[in-house]
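Here the structure is laid out as structure tokens; the discussion comes afterwards.
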Amino acid sequence: MNLDLERIRKNARNSSTEDLLDRITVYRAGMEAAAIEIIETELDRRGIRESDIRQHGESRSGTIKAGEIARRCSLCHRPAVVRAWGWHRLWGRLPIFPRRFLYCDVHRRNRRGDKSTSS
Ligand SMILES: [Zn+2]
């Protein structure tokens, strides 16, 4: 248990502020109280205030949710904002079958056709 918290703490230190903000807003419902506390502490250390967190949550209000928890983008860890058809590609090249992809705000903008790249 203690080891696990230590791992979460280390992970929080190495995560981007955007990632941490996503975690305690859109993904909050799927997290343990102890993990939320660690992330809030880390954000506080970085000078992020309560109002910044609220604002971030509001900016993510268009996310696609399954119950209380936001769905993740198919290409990165950001919350998804659109669902679209695309080709599932073998080795990232050969189109195999059409499937539904979830895209975050960044990948929605970078998307050209059904090109599948990782962030
Ligand atoms: Zn993305």
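We number each residue from 1, following the sequence as shown.
- Note that CG of Asn110 and CG of Asp105 are 10.0 Å apart. Values are rounded to the nearest 0.5 Å.
- Distance check, rounded to the nearest 0.5 Å: CD1 of Ile38 to CZ of Arg7 gives 10.0 Å.
- Note on Val106: it does not cluster hydrophobically with Val82, by side-chain heavy-atom contacts below 4.5 Å among ILVMFWY residues.
- Residues Tyr27, Ile69 make up the rest of the hydrophobic cluster containing Val26, defined by ILVMFWY side-chain heavy atoms closer than 4.5 Å, directly or through other members.
- Side-chain atoms of Ser15 and Arg23 include a donor-acceptor pair closer than 3.5 Å.
- Nearest heavy-atom pair, Leu21 versus Leu43, reported as atom, atom and distance to 0.1 Å: CD2-CD1, 4.0 Å.
- Residues His107 and Cys76 form a side-chain contact, since some pair of their non-hydrogen atoms from C-beta on lies under 4.5 Å apart.
- Residues Leu5 and Ile8 have side chains in contact (heavy-atom distance under 4.5 Å, counting atoms from C-beta outward).
- Rounded to the nearest 0.5 Å, atoms OG1 (Thr41) and CG (Leu20) are 11.0 Å apart.
- In summary, Glu50 and Arg54 do not engage in a salt bridge, as defined by a charged side-chain N under 4.0 Å from a carboxylate O.
- Closest heavy-atom contact between Cys73 and Tyr103: SG-CA, 3.9 Å.
- Atom CZ of Arg46 has more than 12 heavy atoms from other residues, nucleotides or ligands within 6.0 Å.
- Taking 4.0 Å as the cut-off between side-chain N and carboxylate O, Arg60 and Asp22 count as a salt-bridged pair.
- One finds a salt bridge joining Glu40 and Arg28 here, because a Lys/Arg side-chain nitrogen approaches an Asp/Glu carboxylate oxygen to under 4.0 Å.
- For Gln55, the CD atom sits in a loose shell: 12 or fewer heavy atoms of surrounding residues, nucleotides or ligands are nearer than 6.0 Å.
- How far NE2 of His88 is from CG of Leu94: 11.0 Å, rounded to the nearest 0.5 Å.
- One N or O on the side chain of Asp52 and one on the backbone of Arg49 form a donor-acceptor pair closer than 3.5 Å.
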Query raised in the report: Should Ile39 and Met31 be marked as a side-chain contact (heavy atoms from CB on, under 4.5 Å) after you check the CA-CA gap, both sets of side-chain angles, and the distance that decides it?
Result: CA-CA 11 Å; Ile39 290 174; Met31 289 198 338; 4.0 Å; yes

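- Atom CZ of Arg109 and atom SG of Cys104 lie 8.5 Å apart (nearest 0.5 Å).
- We find the NE2-OG1 distance between His56 and Thr17 to be 10.0 Å, quoted to the nearest 0.5 Å.
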Query raised in the report: What's the verdict on side-chain contact (heavy atoms from CB on, under 4.5 Å) for Arg9 and Glu42, showing C-alpha distance, side-chain angles and the deciding distance?
Result: CA-CA 8 Å; Arg9 203 169 287 130; Glu42 176 62 20; over 6 Å; no

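- Here Leu102 is tied into one hydrophobic group with Ile64, each link being a pair of ILVMFWY side chains closer than 4.5 Å.
- In this structure, the side chains of Ile96 and Arg89 stay at 4.5 Å or more apart for every pair of heavy atoms.
- Applying the salt bridge (Lys or Arg N to Asp or Glu O under 4.0 Å) test to residues at least two apart or on different chains, none of the pairs has a partner in residues 61-74.
- Note that Arg99 lies in the cation-pi zone of Phe101, set by a 6.0 Å cut-off to the ring centre and a 45° limit from the axis.
- The shortest heavy-atom contact between Phe97 and Trp87 is C-CE3, 3.4 Å.
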